[in-house]
Amino acid sequence: MTIICAVIHHRNDIVPEEMSSSEVLRLSVVADKYDCKVALKHAAHRWLDHRNVVSLKGQMELMTASYLLDQAQAFSAITYTMMMKHAGSYLPFAQDQIDVGVPWEVFYLLEANRNSIYKQLGYILSVKHEFEDCSCGFKGRSTYSYLGQLSREGLLPSLNPSHDTALNWIKKAEQMGPPSVVEQSKTCEDYRWHRPACSRESMLKDLQGLKDRKGLYLNCISGGRRVYSETPCSIKH
C-alpha cells in the first residue's frame, strides 16, 4: 500500500524501479481491491517487464498481475512467452492464480494456443506435394531426402514436439540447412514440373509469421468481470 500511495502522490523518490514478480503480484492484488489500477497505469509498465523472468512461476505471477491491473499489452506479451518458451504443464501453478481472480479459461486457452502452434509447425515442415509422382520418381526421392534431413534434426512432424519448446523447435528449423539437391532426369515428361519437397524461402517466411503472432487478448477472455465484455479489445487482431 505504501508504494501505491507513493505513486498517487508523485513520490517517485521512494517508488522502486524494480520488484520481484511476487512483489508485483501482491501490489496488483491490493490495487485491484482498492480500484487503483488507473493510478498505477504508467508505473506498471516497468514492473511488468518479463524479459528477465525465466521461471514459469515468475511469469505466471506477472501474467496475473497484468490481468488484475488491466495491462493488455503486457498480458499478451507475457502469455506469448509462456506459450513459446515453456513445454511443461501450466497446471502446477494455476490454482494460486485462480485464487486471486484469474479465470480458469486462461489456462485452457494457453494450452489450446500452444497446441495450435505445434500443429502449425508440423504443417510448415510437412511435405507439400499434392499430386502423384512422375515417371522418374523425382517427388519420391525429393521427399525421402527431405524427411531424412528432418529426422537428423529431430524435426519430423510425426515425433511429439512437446518435449521441446515451440521457440526451440522454430530455431532448429531456421538453422537447418537447405535440402539436399536431388538429381533430376531431363528426359522425364514432367521435368518442367519438378519441385523440391520443401521450399526453404517459404518455410522461413511461415516460421517468421508464427514468431510474430501475439499472446492472449485480455479483453477477449471470458470469466469474472470480463464475461462477454462489451469493452473493445485494446489490441488489434
Side-chain angles (χ1 to χ4, degrees), residues 1-114 165 213-237:
M1 195 65 191
T2 302
I3 297 175
I4 294 176
C5 291
V7 173
I8 293 175
H9 292 283
H10 308 291
R11 287 297 308 275
N12 293 327
D13 56 320
I14 60 175
V15 175
E17 293 188 3
E18 297 182 359
M19 292 190 290
S20 67
S21 57
S22 57
E23 290 173 332
V24 175
L25 177 57
R26 287 196 296 270
L27 184 145
S28 66
V29 171
V30 175
D32 183 58
K33 179 180 179 180
Y34 293 103
D35 197 17
C36 300
K37 297 185 290 291
V38 175
L40 299 177
K41 180 178 179 180
H42 297 294
H45 285 309
R46 184 175 182 86
W47 297 336
L48 293 172
D49 186 350
H50 69 290
R51 289 174 294 182
N52 294 323
V53 180
V54 178
S55 70
L56 180 58
K57 179 178 182 294
Q59 291 175 2
M60 280 273 191
E61 290 172 339
L62 290 182
M63 178 200 72
T64 301
S66 64
Y67 179 87
L68 296 175
L69 294 172
D70 283 330
Q71 294 286 330
Q73 294 287 350
F75 184 81
S76 180
I78 295 167
T79 52
Y80 170 85
T81 298
M82 291 170 61
M83 292 186 292
M84 297 293 284
K85 294 186 177 182
H86 295 281
S89 173
Y90 302 115
L91 295 181
F93 306 104
Q95 190 58 55
D96 290 340
Q97 317 312 316
I98 293 173
D99 289 344
V100 296
V102 176
W104 65 265
E105 290 97 333
V106 169
F107 302 97
Y108 164 77
L109 291 171
L110 282 169
E111 190 64 46
N113 277 267
R114 185 171 62 178
T165 66
R213 65 179 289 163
K214 304 292 185 181
L216 302 183
Y217 300 102
L218 184 60
N219 298 117
C220 298
I221 294 174
S222 63
R225 56 184 177 275
R226 292 185 177 82
V227 177
Y228 305 115
S229 172
E230 296 181 357
T231 303
C233 191
S234 56
I235 301 177
K236 293 182 179 181
H237 60 94

>> Test side-chain contact (heavy atoms from CB on, under 4.5 Å) on M82 and R114; report intermediate values, then the result.
In response: CA-CA 9 Å; M82 291 170 61; R114 185 171 62 178; over 6 Å; no
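- Between the side chain of S76 and the backbone N or O of G215 there is at least one donor-acceptor pair closer than 3.5 Å.
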>> With side-chain contact (heavy atoms from CB on, under 4.5 Å) as the criterion, how do W47 and E23 come out once you've worked through the C-alpha distance, each side chain's angles and the decisive distance to 0.1 Å?
In response: CA-CA 9 Å; W47 297 336; E23 290 173 332; over 6 Å; no
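- Nearest heavy atom pair, residue Q59 against residue T81, reads NE2-CG2, 3.6 Å.
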> side-chain contact (heavy atoms from CB on, under 4.5 Å) between Q95 and F107: does it pass, once the steps are laid out?
Replying inline: CA-CA 10 Å; Q95 190 58 55; F107 302 97; over 6 Å; no
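- S21 contributes atom OG, which lies 12.5 Å from atom NE2 of H50 (distance to the nearest 0.5 angstrom).
- The minimum heavy-atom distance linking L69 with A44 is given by the pair CD1-CB, 4.0 Å.
- Between the side chain of S28 and the backbone N or O of L68 there is no donor-acceptor pair closer than 3.5 Å.
- With Q71 as the partner, the side chain to side chain contact (heavy atoms under 4.5 Å, CB included) test is satisfied by one option alone out of L48, I78, L218: L48.
- Residues M63 and L110 form a side-chain contact, since some pair of their non-hydrogen atoms from C-beta on lies under 4.5 Å apart.
- Atom CE of M19 sits about 11.0 Å away from atom CZ of R46, to the nearest 0.5 Å.
- When all heavy atoms are compared, the tightest approach of D49 to V53 is O-CG2, 4.4 Å.
- In this view, Y80 and M84, K211, R213 satisfy the side chain to side chain contact (heavy atoms under 4.5 Å, CB included) rule, not counting sequence neighbours.
- Annotation for N52: atom CG does not count as buried by contact number, only 12 or fewer foreign heavy atoms lying within 6.0 Å.
- Separation of atoms OG (S22) and CG (D96) is listed at 12.0 Å; rounding is to 0.5 Å.
- Atoms CH2 and CG, from W104 and L109 in turn, are 8.5 Å apart once rounded to the nearest 0.5 Å.
- S55 and G58 make their closest contact through OG-N, 3.0 Å (heavy atoms, listed as atom of the first residue, atom of the second, distance).
- Under the rule for a salt bridge (charged side-chain N to carboxylate O under 4.0 Å, His left out), the partners of K57 that lie at least two apart in sequence or sit in another chain are E61.
- Looking at every heavy atom in both residues, Y67 comes nearest to P103 through OH-CD, 3.2 Å.
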> Could you walk me through whether N113 and T79 pass the side-chain contact (heavy atoms from CB on, under 4.5 Å) check?
Replying inline: CA-CA 10 Å; N113 277 267; T79 52; over 6 Å; no
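- The distance from atom CG of D32 to atom OG1 of T64, rounded to the nearest 0.5 Å, is 11.5 Å.
- Taking 4.5 Å as the limit, some side-chain heavy atom of L27 sits within range of a side-chain heavy atom of L40.
- What you find for V54 and H86 is that their closest heavy atoms are O-CE1, 3.4 Å.
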